[in-house]
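See structure below.
Quick note: numbers below take in every heavy atom, side chains included, and nothing from hydrogens, waters or symmetry partners.
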Amino acid sequence: MSKVLDDSLTKPILYVVLILAMFGIVAMLSASLGKGAVSSAYAYDSLFFFKRQLAFLVVGLVAMFAIQRWFNMEKYRFLLGMPLTIFTMLLLVWALFSSSVNEVNRWISIGGFHFQPGELAKISMILFWADFLAKRQRKLAEAFQPPLMKSAPGGPMKPRPVPPLFSLRWFMYYGHIVKNTLKALLPAIIVTAVVVVLIESGRDLGTIIVISATIFAMVMAAGTPWQFALGTIGGLGLLGGLMICKEAYRANRIHSWLHPLDDKLGDGYQAYNSFIAISKGGIWGCGMPFSRQKFDFLPEMHCDFIYPIICEELGLVGSLGLLLLFLILFTCCVGVAVRCKDPYMSMVSFGISVQIVGQALFNVAVVTGILPNKGLPLPFVSAGGSSLMLSLMSMGLLLNISEHTNVRPKQALPKSTRRKAVRKGATISSSDQQVSVKPVSSREWEAIVAQGRTPVDHKLPRPVIEPSWSKVVIFEPGSRAERERWRRLHPFIGGRSSNGGAANNA
């Protein structure tokens, strides 16, 4: 039998997350050395931020592995939807009445530990919308359909043809689809609006942007028509403009973004020093920990603006390598979402991947001047306990989904039985009538058949290739009555055999 590799994405995702976490703790140590050493608020301890971030990292990794191994998402799904969202709303209200940090009310202080409920709102909105979209599949599918018309008086209904572009009937045609879509999504939109209002009360526009972009991507992945997407983009753009005009400092940030060099010591100071750090890195960088901009030139160099320090110390190669890791993570996470057959699990995987990688790209776009300045941490890298722990817990949920997406045989039989199975070129799982052959894909199966070889007994039927399985399971009943029962339960057993003839079920 030809050697076939396991298609599970659990290990690649886990390895990339661990590499990002280890790289982040080292980069944060290098960026925070000067800030901790010169300030009495941190007891002149150059390792102050490193020790605190390391504690958050350990707790986050323990939580990630615990969620991956023991958490049952299907069993506790009812708690991850509306109950978690209501709990998040209560925490956001609590934060509004807590003591302000940097003149904003975004954190809850408990025993010296500052927790930011906005970070929890990111994952709670993903879980809420995934549950909502999964439960409303049929209603959403009906809402996305074009209006119907009768083909003839008393005849059957058929889809109405698309009217000429930008005519009155064209707007009415697509207005019908948008209206039905809004009606189907209205309950979730109301809940999200309450969460957004609470976050905006704490003046955290960056979190609102991340949540809105993630929900938009999830709704589009659910099959929403492009007409609704254009209307949504327009509505969100108008809402964002109103939020910017509401606060004077946001308008100043837009001006400094458009003209970063006009006020180098004022509103453009942070962007100007960020550009200096990036430009000094060159191809290979100056090496860790020899950045000069981190010594009180670049504000928030260990938090939101840690990427310019990485560019200065590791150069173009190191900064692009970090982006490559996020790209690999996104590809693997979306792969889990595509393979997962359960709509709820698939939407959760897709939402987490968009939220984590989208926030990373947003952070990089801000520090490089592509987008206006807005404080958002770089996932797994920036200092911040709330962001790091909740990002790792989110990846724990995704790893949990990836683990249960793949069927892995359990070797619970005696060694003698397992040895016999290995000699036959297969491994037997916990059932004595269930043979799990090595993973095959449809292309590999066709190649094997074309060469006149089959991986197991030629009398076995052609296996059904499930994209979400890493092991193809073939049932091998003993008596004729058992074969007949399995033929009724599994129609593919009565299909074609590997050599092109009918399967021998007699």
A quick test of your reading: do over 12 heavy atoms of other residues, nucleotides or ligands sit less than 6.0 Å from [atom1] of [X]?
X	atom1	value
Phe113	CZ	yes
Met393	CE	no
Phe65	CZ	yes

After noting the C-alpha distance and the side-chain angles of Ile278 and Glu312, does the key distance pass the side chain to side chain contact (heavy atoms under 4.5 Å, CB included) rule? CA-CA 5 Å; Ile278 295 173; Glu312 184 180 4; over 6 Å; no
Would a distance-only check, ignoring hydrogens and angles, find a side-chain to backbone donor-acceptor pair under 3.5 Å from [X] to [Y]?
X	Y	answer
Ser382	Pro377	no
Ser353	Val334	no
Ser386	Gln116	yes
Asn400	Met73	no
Arg250	Met243	yes
Asn105	Ser98	yes
Asn363	Asp304	yes
Ser124	Leu120	yes
Ser346	Asp342	no
Arg106	Ala95	no

Member of Leu322, Val317, Leu323, Leu324 meeting the side chain to side chain contact (heavy atoms under 4.5 Å, CB included) criterion with Leu320: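 Result: among Leu322, Val317, Leu323, Leu324, Leu323 is the only option passing the side chain to side chain contact (heavy atoms under 4.5 Å, CB included) with Leu320.
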Applying the side chain to side chain contact (heavy atoms under 4.5 Å, CB included) test to Pro308, which of Ile276, Leu298, Asn273, Thr368 qualifies?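 With Pro308 as partner, Ile276, Leu298, Asn273, Thr368 yield a single side chain to side chain contact (heavy atoms under 4.5 Å, CB included), made by Leu298.
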Mind checking what makes side chain to side chain donor-acceptor pair (under 3.5 Å) contact with Glu313, not counting sequence neighbours? Ser30, Lys294
With the threshold set at 4.0 Å, does a side-chain nitrogen-carboxylate oxygen contact exist between Asp45 and Lys51? yes
Working to the nearest 0.5 angstrom, can you tell me the gap between [X] [atom1] and [Y] [atom2]?
X	Y	atom1	atom2	answer
Leu54	Leu29	CG	CG	10.0 Å
Leu398	Glu403	CG	CD	11.5 Å
Met125	Lys122	CE	NZ	13.5 Å
Ser291	Ile310	OG	CD1	10.5 Å
Ile309	Leu314	CD1	CG	11.0 Å
Phe56	Leu388	CZ	CG	8.5 Å

Give me the atom names and distance for the closest heavy-atom approach of [X] to [Y].
X	Y	answer
Asp204	Thr207	OD2-OG1, 2.6 Å
Leu9	Ser402	C-OG, 3.8 Å
Met82	Val191	CE-CG2, 3.9 Å
Leu133	Met347	CD1-CE, 3.6 Å
Met288	Ala27	CE-CA, 4.0 Å
Leu91	Pro117	O-CG, 3.6 Å

Is the shortest side-chain heavy-atom distance between [X] and [Y] below 4.5 Å?
X	Y	answer
Phe71	Tyr76	yes
Phe305	Pro299	no
Leu90	Trp94	no
Lys280	Cys311	no

For the pair Leu33 and Phe50, evaluate side chain to side chain contact (heavy atoms under 4.5 Å, CB included) and give the outcome as yes or no after the intermediate values. CA-CA 9 Å; Leu33 285 174; Phe50 170 75; over 6 Å; no
Please say whether the positively charged group of Arg292, taken as NZ for Lys or CZ for Arg, lies over the ring of Phe297, i.e. under 6.0 angstrom from the six-membered ring centre and within 45 degrees of the axis.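 Cation-pi check for Arg292 and Phe297: fails.
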Could you go through Thr214 and Gln355, starting from their C-alpha distance and side-chain angles, then the distance that decides it, and tell me whether this counts as side chain to side chain donor-acceptor pair (under 3.5 Å)? CA-CA 6 Å; Thr214 304; Gln355 188 262 313; over 6 Å; no
Under 3.5 Å, side-chain donor or acceptor atoms of residues 325-333 against the rest of the protein: list the pairs with distances, not counting sequence neighbours.
| unit_1 | atom_1 | unit_2 | atom_2 | d |
| --- | --- | --- | --- | --- |
| Thr331 | OG1 | Leu327 | O | 2.9 |

Apply the test side chain to side chain contact (heavy atoms under 4.5 Å, CB included) to residues Leu399 and Met64: give CA-CA distance (whole Å), side-chain angles for both, the deciding distance (0.1 Å), then the verdict. CA-CA 9 Å; Leu399 290 169; Met64 181 184 74; 4.2 Å; yes
Give the C-alpha distance, both sets of side-chain angles, the deciding distance and a yes or no for side chain to side chain contact (heavy atoms under 4.5 Å, CB included) between Ile209 and Leu205. CA-CA 6 Å; Ile209 292 174; Leu205 183 59; 4.1 Å; yes
Fit a plane to each ring of Phe48 and Tyr42, take the angle between them on a 0 to 90° scale, and name the class: parallel (under 30°), tilted (30 to 60°) or perpendicular (over 60°). tilted
Within residues 184-193 or reaching into it, pairs that qualify as side-chain hydrogen bond (donor to acceptor under 3.5 Å, both in side chains) - sequence neighbours excluded: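 Non-adjacent pairs meeting side-chain hydrogen bond (donor to acceptor under 3.5 Å, both in side chains): Trp129-Thr192.
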